[in-house]
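FYI, the numbering just counts along the sequence from 1. Every value quoted in this text rests on a predicted model; they were computed, and no experiment measured them.
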Amino acid sequence: MTTQTIVQQFPNITILTNEPLSHYTYTKTGGPADFLAFPTSKEEVQSLINFCQKSGLEWICLGNASNLIVRDGGIKDVVIMLTQMKQVIIHNTTIVAESGAKLIDVTYDALKHDLTGLEFACGIPGSIGGAAYMNAGAYGGELADVFYSAEVILEDGSIKTFYKEDMAFSYRHSIIQTLKGIVLSVTFHLEKGQHTAIKEKMDELTYLRESKQPLEYPSCGSVFKRPEGYFTGKLIQDAGLQGYMIGGAQISEKHAGFIVNINKATATDYITLIQYIQDIILDKFHVSLETEVRIIGRKQKV
């Protein structure tokens, strides 16, 4: 597939070629995408997927690239990025948000309309689609608590509505992870609340996040899922690993559950450090740490 062919096929979609994904990931790491497409509507997403199917091209969708590591070899064929699909519609106590809208922004939209239920998410940096994909959560809340439905495009290009009972939500999991599909939009059902109380809760959670998390450095957020009966950060601290570095990637000195890019880290630095942490924690405490961060892409050619 030539660059000219795919660009000519979609004259109204911005498509970049051999584009470094480090420009988009929150870790500031990752190799290039062969083609990086920015659709602005579900029809354009559908057209891209149908084209890939007919042309034998692989495709993958990225949200806000916040809880993500792209390997240094980049991603083959077509990457679909939904950051241009960010419309939010609010009617009474219902919010319909397109997949590319930032979850943080939607929490503040809810605040403006005195809607309660999304306060827990006011510091989560992902997109709406990514949040539904992984049932994002923090401070005792998770997306499943306020989720009503999602419009999803499946691998064959068909579009289907998934309701809460269809999503198989669990800790950092939804059925979308086992289906190759793309969340196009999400509908939330919230409740009317008191503006001052909602804002106070959001301010409190924002303070907690800013005081405890290393927001001053690029990172992929919380790296590992919480193992049952343990706190990941404490395990890493107790193993004496806080501050440990591989290349430019460091286990944060502020919060041991985060890995930060402090000196031009590569994705390989990140992945090697993740594997090192898993090995040490398994050896010392017999606890298997499962990654929360999604790791995708090709290994760098030697």
Side-chain angles (χ1 to χ4, degrees), residues 1 6 9-10 12-27 30-71 73-87 97-103 106 124-136 143 147 149-162 167 172-186 220-221 267 292-298:
M1 178 61 57
I6 191 167
Q9 184 73 25
F10 300 102
N12 297 321
I13 301 177
T14 298
I15 298 178
L16 306 178
T17 60
N18 200 34
E19 176 71 1
L21 291 170
S22 58
H23 293 170
Y24 305 90
T25 60
Y26 271 50
T27 61
D34 291 352
F35 301 100
L36 179 60
F38 294 88
T40 60
S41 68
K42 66 181 181 182
E43 291 80 14
E44 289 183 350
V45 176
Q46 198 169 31
S47 295
L48 281 165
I49 290 176
N50 289 337
F51 176 79
C52 289
Q53 298 283 54
K54 291 175 183 175
S55 305
L57 296 173
E58 296 178 15
W59 61 268
I60 192 168
C61 180
L62 305 187
N64 206 29
S66 54
N67 199 217
L68 180 75
I69 295 171
V70 176
R71 293 186 180 92
I75 299 179
K76 181 177 181 288
D77 293 345
V78 179
V79 174
I80 300 171
M81 203 155 191
L82 301 181
T83 49
Q84 299 303 307
M85 292 175 57
K86 52 190 177 183
Q87 184 182 46
E98 285 190 314
S99 187
K102 293 182 179 180
L103 183 55
V106 175
I124 299 176
S127 66
I128 289 293
Y133 177 89
M134 68 173 294
N135 190 21
L143 203 80
F147 180 96
S149 67
E151 196 172 30
V152 178
I153 185 164
L154 299 173
E155 188 174 10
D156 62 2
S158 64
I159 294 177
K160 179 181 176 182
T161 298
F162 283 70
M167 291 292 285
R172 302 299 176 264
H173 175 82
S174 78
I175 198 169
I176 307 302
Q177 295 177 21
T178 56
L179 302 172
K180 187 174 181 184
I182 298 174
V183 176
L184 298 169
S185 66
V186 175
C220 56
E292 179 175 313
V293 65
R294 191 176 167 210
I295 301 173
I296 59 174
R298 301 174 289 202

> Taking side chain to side chain donor-acceptor pair (under 3.5 Å) as the definition, give me every residue that meets it alongside Gln177, ordered by chain and number, with sequence neighbours left out.
His173
> What is the distance from atom CD1 of Ile182 to atom CG of Leu154, rounded to the nearest 0.5 Å?
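The CD1 atom of Ile182 sits 10.0 Å away from the CG atom of Leu154.
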> For Thr40, give me all partners under side chain to side chain donor-acceptor pair (under 3.5 Å), at least two apart in sequence or on another chain.
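So Thr40 forms a side chain to side chain donor-acceptor pair (under 3.5 Å) with Glu44.
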> So, taking the atom named CZ in Phe35 and the one named CD1 in Ile15, what distance separates them when rounded to the nearest 0.5 Å?
8.0 Å
> Rounded to the nearest 0.5 Å, how far apart are CE of Met85 and CD of Glu98?
4.5 Å
> Could you grab the distance from atom CE of Met167 to atom OG of Ser174, nearest 0.5 Å is fine?
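Reported value, rounded in 0.5 Å steps: 4.0 Å.
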> Does the side chain of Ser127 reach to within under 4.5 Å of the side chain of Leu82, using non-hydrogen atoms?
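No. Closest side-chain heavy atoms not under 4.5 Å.
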> Glu151: what forms a salt bridge (Lys or Arg N to Asp or Glu O under 4.0 Å) with it, not counting sequence neighbours?
Lys42
> Any side-chain heavy atom of Ile159 sitting closer than 4.5 Å to one from Gln46?
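Yes; the side chains approach each other to less than 4.5 Å.
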> Taking only residues two or more places apart in sequence or in another chain, which ones pass salt bridge (Lys or Arg N to Asp or Glu O under 4.0 Å) with Arg172?
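Scan of Arg172 (salt bridge (Lys or Arg N to Asp or Glu O under 4.0 Å), adjacent residues dropped) gives Glu292.
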> Restricting to non-hydrogen atoms, name the atom on Leu103 and the atom on Ala131 that form the minimum distance, rounded to 0.1 Å.
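The pair with the smallest heavy-atom distance is CD2-CB, 3.9 Å.
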> My understanding is that only residues two or more places apart in sequence, or in another chain, count here; which of them pass side-chain contact (heavy atoms from CB on, under 4.5 Å) with Ala65?
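Only Thr25, Leu68, Met81 meet the side-chain contact (heavy atoms from CB on, under 4.5 Å) criterion with Ala65.
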> Using the side-chain hydrogen bond (donor to acceptor under 3.5 Å, both in side chains) rule, collect all pairs that involve residues 74-85, keeping only residues at least two apart or in two chains.
none
> Taking the side chain as every heavy atom from C-beta outward, state whether Tyr24 and Glu19 have any atom pair closer than 4.5 Å.
yes
> Apply side chain to side chain donor-acceptor pair (under 3.5 Å) to Ser158 and list each qualifying residue two or more places apart in sequence or on a separate chain.
Asp156
> Compile the donor-acceptor pairs under 3.5 Å between side chains in residues 56-64 and protein atoms, sequence neighbours left out, one pair per line.
| unit_1 | atom_1 | unit_2 | atom_2 | d |
| --- | --- | --- | --- | --- |
| Asn64 | ND2 | Tyr26 | OH | 3.0 |
| Asn64 | ND2 | Pro125 | O | 2.7 |

> For the residue pair Lys160 and Phe162, would you count it as a cation-pi contact if the rule is NZ or CZ under 6.0 angstrom from the ring centre and within 45 degrees of the ring axis?
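Yes, a cation-pi geometry.
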> Please report the shortest heavy-atom distance between Asn50 and Gly157, naming the atom on each side.
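Minimum heavy-atom contact is OD1-CA, 3.8 Å.
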> With salt bridge (Lys or Arg N to Asp or Glu O under 4.0 Å) as the rule and sequence neighbours excluded, what pairs involving residues 31-41 come up?
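Non-adjacent pairs meeting salt bridge (Lys or Arg N to Asp or Glu O under 4.0 Å): Asp34-Arg298.
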> Determine the minimum heavy-atom distance between Ile176 and Gly181, stating which atoms define it.
CG2-O, 4.2 Å
> Side chains of Ile128 and Val183: closer than 4.5 Å at any heavy-atom pair?
no
> Taking C-beta and beyond as the side chain, do Ile75 and Ile296 meet within less than 4.5 Å on heavy atoms?
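Contact flag for Ile75/Ile296 side chains = yes.
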> Quick one: side-chain contact (heavy atoms from CB on, under 4.5 Å) partners of Ser22, sequence neighbours excluded?
Pro20
> Do Phe38 and Leu16 pass the side-chain contact (heavy atoms from CB on, under 4.5 Å) test, and can you show the C-alpha distance, the side-chain angles, and the key distance before you say yes or no?
CA-CA 9 Å; Phe38 294 88; Leu16 306 178; 4.0 Å; yes
